[in-house]
Amino acid sequence: MEADPSAEEPVLEKIRKPGVRRKGNKEIITADLPVEVIEYKLSADEQKCPQCGELLHEMSKEIRKELTVVPAKVVVTEHVRYVYACRNCQKNGSANEDSAVPVSTAPMPKPVIKNSLASPSLISYIMNRKYVEGIPLYRQEQQLDHYGIEIKRQNMANWIIYSSEHYLRFLYERMKSHLVAESVLHADETALQVLQEPGRAAETKSYMWMYRTGKDQTPIILYEYQPGRAGEHPKEFLRGFSGYLHVDGYAGYHKVEGVTMVGCWAHARRKYDEAIKALSGVEKIQKAHSAKGLELCNQLFSLEKKFESLTPIKRGEKRLSESLPLVDAYFA
């Protein structure tokens, strides 16, 4: 459906003026990629002139570029650790007859999971595909099977859980300590269903809570699973945080202590939009308070788009001079 037979391929170079080159899409796409060169040359016999028999010289080259994908490959990495002993002490005896023959062992990094085939690269590959690319473990199991590798999804799940608890948890806690030290945070929660959770039916609503830093801060995004939607969850998670908490208006966030609650204009605007859709007739809509509310929200959003490239200080100044009159008109 997306195909367009009339669409032109991006050109490698476009000429503005003689001798002046402008980068085209192909050149931009391939700029930082490694290059594999495959050369096509005539054999020694073919490099003779068909008329006089003299040797041909290389006049020019024609170059065609393509993007070649190298599929993922799995290799076995053997960690071989050598153990050394003193042959002289072993043969002739050491200075102290009671001491054992000296043995030295080369250092070797510990496995990420003891007695497991899993390497850090394999676990991170599985995690990335599941959580970033959205490929569930049963599909990854099938894809690995195409490579001739039989790894059950249960093993992959065990690796993810073990690595999360024994390694990533420390990174998570470190990020959380930085998160609660910021002055502006956003929070939200969304319902999800969890299968085979002990003591809970599959239809029971569970919640994934999300906390993140503001736009102009170091980006930190943390998720926390909780079986419910009680306000005690954000209260406990954000313990130690004091600043502005930007949320959608859910009352549970009011349990968080020592913060200034900040409302969301997108959620306010949404209600006016829904109200207008419920009305019928142009005249009714034009006279409705919801139309005025929507228009004022739209103007605020338009200003925000205009202020987007400004520094936080400049943006604040512009909000006071241009946005504040609209906010005053809104509440009036």
Side-chain angles (χ1 to χ4, degrees), residues 112-113 120 123-124 127-128 130-132 134 157 159-194 197-200 204-270 300-301 304 307-320 323-324 327 331:
V112 65
I113 301 175
I123 296 170
S124 59
M127 281 185 169
N128 180 72
K130 176 172 169 58
Y131 296 108
V132 179
W159 295 344
I160 289 172
I161 292 169
Y162 183 92
S163 302
S164 300
E165 292 175 348
H166 288 78
Y167 300 106
L168 296 183
R169 179 172 60 86
F170 299 104
L171 179 60
Y172 183 95
E173 293 299 332
R174 182 68 171 160
M175 291 170 72
K176 185 180 174 183
S177 68
H178 283 278
L179 181 108
V180 296
E182 294 286 359
S183 58
V184 177
L185 293 183
H186 297 256
D188 199 8
E189 81 293 334
T190 188
L192 75 159
Q193 289 182 331
V194 180
E197 193 171 17
R200 288 163 63 87
T204 308
K205 274 189 179 181
S206 299
Y207 285 86
M208 188 67 76
W209 297 73
M210 188 275 288
Y211 305 90
R212 69 158 298 155
T213 51
K215 179 182 175 183
D216 297 302
Q217 298 160 298
T218 302
I220 298 174
I221 303 170
L222 297 178
Y223 291 86
E224 185 192 42
Y225 167 76
Q226 289 291 355
R229 203 188 181 197
E232 295 299 324
H233 301 314
K235 177 184 176 181
E236 181 59 32
F237 189 92
L238 295 174
R239 192 177 297 278
F241 168 68
S242 61
Y244 296 96
L245 182 60
H246 188 164
V247 295
D248 59 7
Y250 170 51
Y253 291 106
H254 289 274
K255 288 199 173 183
V256 181
E257 299 169 349
V259 301
T260 301
M261 303 301 296
V262 181
C264 175
W265 280 104
H267 284 80
R269 183 191 178 282
R270 185 186 300 169
L300 284 171
F301 274 73
E304 283 302 305
F307 303 157
E308 199 169 13
S309 61
L310 301 177
T311 63
I313 293 174
K314 286 289 184 185
R315 195 182 307 134
E317 292 172 356
K318 285 287 186 181
R319 281 175 176 169
L320 288 174
S323 302
L324 185 58
V327 175
F331 284 107

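Nothing here was measured: the structure is a model prediction, and the numbers come from that model. These numbers come from the heavy atoms of this one structure, side chains and all, not from hydrogens, waters or symmetry mates.
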Student: So do Leu185 and Tyr211 actually touch side chain to side chain, heavy atoms under 4.5 Å?
Tutor: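 Side-chain contact under 4.5 Å: no.
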Student: Might you point out which heavy atoms bring Ser242 and Val259 nearest each other, and give the distance in Å?
Tutor: CA-CG1, 4.5 Å
Student: Any side-chain heavy atom of Leu171 sitting closer than 4.5 Å to one from Met175?
Tutor: yes
Student: Are Gln193 and Thr204 side-chain neighbours, meaning at least one heavy-atom pair lies under 4.5 Å?
Tutor: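 They are not in contact (no side-chain heavy atoms under 4.5 Å apart), so the answer is no.
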Student: Going through the distances and angles, do Glu308 and Arg315 end up as a salt bridge (Lys or Arg N to Asp or Glu O under 4.0 Å)?
Tutor: CA-CA 8 Å; Glu308 199 169 13; Arg315 195 182 307 134; over 6 Å; no
Student: Are Leu245 and Val256 packed together at the side-chain level, in the sense that at least one heavy-atom pair is separated by less than 4.5 angstrom?
Tutor: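 They are in contact (side-chain heavy atoms under 4.5 Å apart), so the answer is yes.
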Student: Any chance you could lay out the salt bridge (Lys or Arg N to Asp or Glu O under 4.0 Å) test for Glu236 and Arg239, step after step, and finish with the verdict?
Tutor: CA-CA 5 Å; Glu236 181 59 32; Arg239 192 177 297 278; 2.6 Å; yes
Student: In Å, rounded to the nearest 0.5 Å, how long is the span from CH2 of Trp209 to CD of Glu224?
Tutor: 9.0 Å
Student: List the atom of Gly252, the atom of Pro234, and the distance in Å for their closest heavy-atom pair.
Tutor: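 Closest approach of Gly252 to Pro234, heavy atoms only: O-CG, 4.3 Å.
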Student: Has Thr213 got a side-chain atom pairing as donor or acceptor with Ile220's backbone, closer than 3.5 angstrom?
Tutor: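 Yes, because the side chain of Thr213 sits within donor-acceptor range (under 3.5 Å) of the backbone of Ile220.
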Student: Nearest 0.5 Å please: distance from the CZ atom of Phe241 over to the OG atom of Ser183.
Tutor: 7.0 Å
Student: In Å and rounded to the nearest 0.5 Å, what is the CG to CD1 distance from Leu168 to Ile161?
Tutor: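 Going from CG on Leu168 over to CD1 on Ile161, the span is 12.5 Å.
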Student: Going by heavy atoms in the side chains, are Tyr167 and Val112 under 4.5 Å from each other?
Tutor: yes
Student: Counting only heavy atoms from other residues, nucleotides and ligands, does the tally under 6.0 Å from NZ of Lys130 exceed 12?
Tutor: yes
Student: Does a donor on one side chain and an acceptor on the other come within less than 3.5 Å for Tyr225 and Ser206?
Tutor: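 Distance-only check passes for Tyr225 and Ser206.
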Student: Using a 4.5 Å cut-off on heavy atoms from C-beta on, say whether the side chain of Met261 contacts that of Tyr244.
Tutor: no
Student: For the residue pair Leu222 and Tyr172, establish whether any side-chain heavy-atom pair is separated by less than 4.5 Å.
Tutor: yes
Student: What are the two closest heavy atoms between Lys205 and Ala191, and how far apart are they?
Tutor: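 Result for this residue pair: CD-CB, 4.1 Å.
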Student: Taking atom CZ as the centre, does Arg174 end up with more than 12 heavy-atom neighbours from other residues, nucleotides or ligands that are less than 6.0 angstrom away?
Tutor: no
Student: Is it true that the side chains of Glu189 and Tyr253 contain a donor and an acceptor less than 3.5 Å apart?
Tutor: yes
Student: Does Leu179 reach the side chain of Phe237, with side-chain heavy atoms less than 4.5 Å apart?
Tutor: yes
Student: Looking only at non-hydrogen atoms, find the nearest pair between Ser323 and Glu304 and report the distance.
Tutor: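 Scanning both residues completely, I find the closest heavy atoms to be OG-OE2, 4.4 Å.
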Student: Nearest 0.5 Å please: distance from the NZ atom of Lys318 over to the CD1 atom of Ile313.
Tutor: 15.0 Å
Student: Could you measure the distance from the CD atom of Glu182 to the CD atom of Gln217? Nearest 0.5 Å is fine.
Tutor: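 These two atoms lie 4.0 Å from each other.
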Student: Assess the residue pair Ile221 and Met210 against the criterion (side chain to side chain contact (heavy atoms under 4.5 Å, CB included)); give the C-alpha distance rounded to whole Å, side-chain angles, the decisive distance to 0.1 Å, and a yes or no.
Tutor: CA-CA 7 Å; Ile221 303 170; Met210 188 275 288; 4.0 Å; yes
Student: Ser164 and Met127: which non-hydrogen atoms are nearest, and at how many Å?
Tutor: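 Closest approach of Ser164 to Met127: OG-CE, 3.8 Å.
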Student: Can a cation-pi geometry be assigned to Arg212 and Tyr223, taking NZ or CZ under 6.0 Å from the six-membered ring centre and within 45° of the ring axis?
Tutor: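 No, a cation-pi geometry is absent between Arg212 and Tyr223.
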Student: Would a distance-only check, ignoring hydrogens and angles, find a side-chain to backbone donor-acceptor pair under 3.5 Å from Tyr250 to Asp188?
Tutor: no
